[in-house]
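Because the structure is a prediction, the values reported are computed rather than measured.
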Amino acid sequence: MLRIYDTLAGKKKEFVPVHEGKVGMYFCGMTVQAEPHVGHMRVALVSDVFRRYFRYKGYDVTLVINFTDIDDKIIEKAEAEGVDYTAIAQRNIDKFMEFLRFLGAEEADQYPRATAHITEIVALVKTLVDKGFAYESGGDVYFEVRKFAGYGKLSKRNLDDLIAGASERVDIDDKKRNPEDFCLWKGAKEGEPSWESPWGQGRPGWHIECSAMSTKYLGEHFDIHGGGTELIFPHHENEIAQHEAATGSPYVNHWVHHGLVNLVGEKMSKSTGHFKTMEEISGRFPADVVRFYLLSTHYRSEIEFSDERLSEAGVAIKRFENLFRALVRNVGREGEGESAEAPSPDVSDLKQKFLGAMDDDLNTAQAIGYLFELVRALNSEMESGTDHALLRADRGVLRELLDILGLLQHTKVADESVPDEIVKMVQERSDARDAKDWAKADELRAAIEEAGYLVEDTETGSVARKAKG
RNA sequence: GGCGGCGUAGCCAAGUGGUAAGGCAGAGGACUGCAAAUCCUUGAGCACCGGUUCGAAUCCGGUCGCCGCCUCCA
């Protein structure tokens, strides 16, 4: 039974799809005011793994990730650079997509942008005004929080706490009836990008787009809505208010929030300049390493980002790569003569444990632990000369599970070819070793390494491969 | 100040009532001409104090420390 934590319920709940056999998921992507950092990649990965696992379980999955492509900072940047706001947005969206591909995350089914859904947003705001939950004031439209009884149920706050906390920091805006009210529609200032509405030229507030776009693509009631924990309040709290006030019906079954990525113990944040861009990371570490690193902690936990952590992940990934390489030498490439034989009992057992971990709120950290046990099992089987057909079957299980996490995809088609020149040197070294001319053998090994290759003396002879990567 | 969360071996990280997965690092051993890879062996009683229980890392109360949210933010 698949159980998934729900922030609203405050506990894990059995996953029961709204529509038989289908899963609808909406994750809050990024406000494309600046280039993506590692934190943004976590939502991409979490959503990717959720989708992969649901698919593995046989569901037909629809994944929607939005881009907020209009806000104060984007407008500011556009003005500073003297370009249209769409140029800033597009540039950062392109980067986001680029890093998604880098990480091996499949594209979502939809990437809706706020500015492409003004019609839906205006309609929703209008409904809220008509129903008395929102009011127009000086060209802006605000949601009147007091009118919505359930406000605070997601973030577990009550209005009095909010007002007490906010009183010191929030400027009193005389356009609002109450300090806790939030903006649905923002009247345009001179020269700002704007759209027509019943309340004059303006643009959407931040929260309203997600209510409008999620229901457009997934229906009024869908399965999973996710994002980082920092979005619980106010963003997701406000989304619930907007949706339930407008429709009178429940919004989503599972609110999924992943932990933040910290840098040296502190939140990565665009506003403080304290962050690592994906640009930097993708240039220094292989995709699998970054992916493994981000998945080796449960998605709801915070995760500390550091070079040391990534280096460790690199060592771990090598264990998998070494295993696949050894398996190719021993029993041939994947997909070549796979047998229909059943996997060994130990391997089957580990597979069940892996799936059990995934069923328990997508516990990838625990699941990866079983993956390592699987690696050891396969290495041991090779050492003890296990039947090739069985080894291939067992490898198939490992592959099946790695695919759920989207790891080690490149090893399927690993190009192990080396230049003739290197092959020749390896052969010469083998001859030298046969002649017990160790000095010459070592000299050749050094020369091969000099050329950027590593030699290993395996059970089936000496082989070379490209060093690093 | 209010709300939420966290504190497990040198480091990272699972485990949420029955005597602590896994990874990295370290140590010893096997294999190897040497190495690489691999395999085997090896480490903690779970921040602290008190309570509930036959039994707690796991539940309750308190203390200390850390983090997030309350303001744009994955």
Side-chain angles (χ1 to χ4, degrees), chain A residues 7 10 27-31 33-34 36-47 65 68 71-74 96 152 155-158 160-171 180 206 226-235 237 257-262 265-272 275 292-293 296-298 300-304 306 308-309 311-319 321-323 325-326 353 357 360 363-373 375-376 378-380 382-384 433 436-439 441-442 445 449 454-459 462-463 465:
Chain A
T7 306
F27 280 80
C28 290
M30 64 181 291
T31 302
Q33 51 176 272
H37 60 234
V38 186
H40 293 116
M41 290 302 109
R42 198 167 187 193
V43 72
L45 251 127
V46 168
S47 58
I65 298 178
T68 300
D71 85 326
D72 289 346
K73 293 215 174 119
I74 294 172
F96 183 90
S155 54
K156 318 290 193 261
R157 295 156 206 250
N158 63 55
D160 296 334
D161 291 340
L162 283 174
I163 293 162
S167 61
E168 298 167 10
R169 350 173 148 239
V170 173
D171 297 331
E180 67 274 16
W206 174 36
T229 54
E230 85 220 81
L231 295 180
I232 295 171
F233 189 90
H235 189 234
E237 190 71 63
H257 291 103
H258 66 258
L260 303 182
V261 181
N262 292 333
E266 212 178 292
K267 180 174 93 153
M268 248 188 249
S269 163
K270 279 184 277 200
S271 55
T272 58
F275 62 89
F292 179 90
Y293 161 69
S296 60
T297 300
H298 184 91
R300 284 197 283 119
S301 301
E302 290 181 355
I303 187 164
E304 181 102 356
S306 72
E308 292 69 39
R309 292 284 85 72
S311 298
E312 280 182 14
V315 175
I317 283 294
K318 276 210 184 77
R319 270 174 64 77
E321 291 174 341
N322 289 336
L323 171 63
R325 197 154 32 227
K353 285 179 172 167
D360 184 16
N363 193 337
T364 54
Q366 187 174 56
I368 284 173
Y370 294 125
L371 244 29
F372 278 109
E373 293 190 41
V375 169
R376 199 188 318 135
L378 275 156
N379 274 318
S380 295
M382 265 192 291
E383 281 208 339
S384 62
R433 290 181 71 227
K436 299 207 189 297
D437 184 350
W438 310 127
D442 289 345
R445 176 161 60 195
E449 283 172 4
L454 295 177
V455 221
E456 290 178 9
D457 300 326
T458 75
E459 58 288 345
S462 298
V463 292
R465 67 170 207 272

Quick one: which protein N/O atoms are closer than 3.5 Å to N/O atoms of nucleotides 4-12 of chain B? Pair and distance per line, please.
residue	atom	partner	partner atom	Å
B:C11	O2'	A:R309	NH2	2.7

Close N or O pairs between protein and nucleotides 31-33 of chain B (under 3.5 Å):
residue	atom	partner	partner atom	Å
B:G33	O6	A:R429	NH2	3.4
B:G33	O6	A:R433	NE	3.3
B:G33	N1	A:D442	OD1	3.0
B:G33	N2	A:D442	OD1	3.3
B:G33	N2	A:D442	OD2	2.7

I'd like a table of atom pairs between the protein and nucleotides 44-47 of chain B - only N or O on both sides, under 3.5 Å - with the distance next to each one.
none

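Comparing the P positions of B:G18 and B:A57 gives a spacing of 11 Å, expressed to the nearest Å. If you take atom P in B:A21 and the same atom in B:A36, they sit 29 Å apart, rounded to whole Å. For B:A14 and B:C6, the C1' atoms lie 15 Å apart once the distance is rounded to whole Å. Rounded to the nearest Å, the gap between the P atom of B:G10 and that of B:G45 is 9 Å. Distance check on atom C1': B:G15 versus B:G4 gives 22 Å, rounded to whole Å. Taking atom C1' in both B:G23 and B:A74, one finds a spacing of 26 Å when rounded to whole Å. Look at the P atom in both B:U42 and B:G65: the space between them is 40 Å, to the nearest Å. On the P atoms, B:G43 is 22 Å away from B:U38, given to the nearest whole Å.
Taken from CG in A:D360 to NE2 in A:H298, the straight-line distance is 8.0 Å, to the nearest 0.5 Å. To the nearest 0.5 Å, atoms CD (A:E180) and CZ (A:R157) are separated by 14.0 Å. Rounding to the nearest 0.5 Å places CZ of A:R42 at 6.5 Å from OG1 of A:T297.
Here the nucleotide nearest the side chain of A:Y370, chosen from B:A74, B:A21, B:A25, is B:A21. The side chain of A:L231 approaches B:A74 more closely than any other nucleotide in the set B:C40, B:C69, B:A74. Minimum atom distance to the side chain of A:Q366 is reached by B:A14, of the listed B:A74, B:C72, B:A14. Of the listed nucleotides (B:A14, B:C70, B:A37), B:C70 has the atom at the smallest distance from the side chain of A:P234. The side chain of A:E373 approaches B:A21 more closely than any other nucleotide in the set B:G23, B:A21, B:A74.
Of all nucleotides present, none satisfies the Watson-Crick or G-U wobble test against B:A13 with each distance under 3.5 Å. The base-pairing partner of B:C69, taking Watson-Crick or G-U wobble contacts with both distances under 3.5 Å, is B:G2. Here B:A47 sits opposite B:U63 as a Watson-Crick or G-U wobble pair (both hydrogen-bonding atom distances under 3.5 Å). Nucleotide B:G18: paired with B:C54 (Watson-Crick or G-U wobble, both distances less than 3.5 Å). Base-pair partner of B:A27: B:U41 (Watson-Crick or G-U wobble, both distances under 3.5 Å). B:U32 is unpaired under the Watson-Crick or G-U wobble criterion, no partner having all donor-acceptor distances under 3.5 Å.
For the pair A:R433/A:D457, a side-chain contact is recorded, criterion being any heavy-atom separation below 4.5 Å from C-beta on. Counting only heavy atoms from C-beta outward, the side chains of A:S296 and A:E312 never approach each other to under 4.5 Å. Inter-residue side-chain proximity for A:M30 and A:T68 is flagged as unmet; no heavy-atom pair is nearer than 4.5 Å. Side chains of A:M382 and A:L323 form a contact here, defined as non-hydrogen atoms less than 4.5 Å apart.
Comparing A:T458 and A:H235 by the nucleotide of RNA chain B whose heavy atom lies nearest to each, the residue mapping closer to the 5' end is A:T458. Between A:V375 and A:V43, the residue anchored closer to the 5' end of RNA chain B is A:V375, taking for each the nucleotide with the nearest heavy atom.
OP1 or OP2 of B:C39 has at least one side-chain nitrogen or oxygen of A:R319 nearer than 4.0 Å. At least one side-chain nitrogen or oxygen of A:S301 sits closer than 4.0 Å to the OP1 or OP2 atom of B:A14. Contact check, A:N322 against B:U38: a side-chain N or O comes under 4.0 Å of OP1 or OP2. A sub-4.0 Å separation between OP1 or OP2 of B:A14 and a side-chain N or O of A:N363 is absent.
A:F372 places its CZ atom 7 Å from the C1' atom of B:G22, with the value rounded to the nearest Å. Between A:I317 atom CD1 and B:C24 atom P the separation is 11 Å, expressed in whole Å. When rounded to the nearest whole Å, the span between CZ of A:F292 and C1' of B:G23 equals 7 Å. Rounded to an integer number of Å, the gap from CD of A:E383 to P of B:A30 is 14 Å. Atom CD1 of A:I65 is separated from atom P of B:A74 by 12 Å (rounded to the nearest Å). The nearest whole Å value for the distance from the NZ atom in A:K318 to the P atom in B:A25 is 10 Å. Regarding A:N262, its CG atom lies at a distance of 6 Å from the P atom of B:G68, rounded to whole Å. Taking atom CZ of A:R325 as the reference point, atom C1' of B:A36 lies 11 Å away to the nearest angstrom.
Remark: the backbone N or O of A:S155 is paired with a side-chain donor or acceptor of A:E237 at under 3.5 angstrom. With A:N363 contributing its side chain and A:Q366 its backbone, the two residues share a donor-acceptor pair below 3.5 Å.
Closest approach of A:F27 to A:V46, counting heavy atoms only: CE2-CG1, 4.2 Å. Taking every heavy atom of both residues into account, A:R445 and A:V455 meet most closely at CG-CG2, 3.6 Å. Contact record, A:S306 with A:Y293: N-OH, 4.2 Å, taken as the closest heavy-atom pair. Closest approach of A:L231 and A:C28 over heavy atoms only: CD1-CB, 3.6 Å. Counting all heavy atoms, side chain and backbone alike, A:H257 lies closest to A:G228 at CD2-O, 3.5 Å.
Among the heavy atoms of the strands, none lies under 4.0 Å from A:I232. In this structure, A:H298 reaches the sugar-phosphate backbone alone: every heavy-atom distance under 4.0 Å involves primed, P, OP1 or OP2 atoms, never a base.
Residues A:N322 and A:R325 bring a donor and an acceptor atom of their side chains to less than 3.5 Å of each other.
Nucleotide B:G45 is shown with a syn base, its glycosidic torsion being within 90° of 0.
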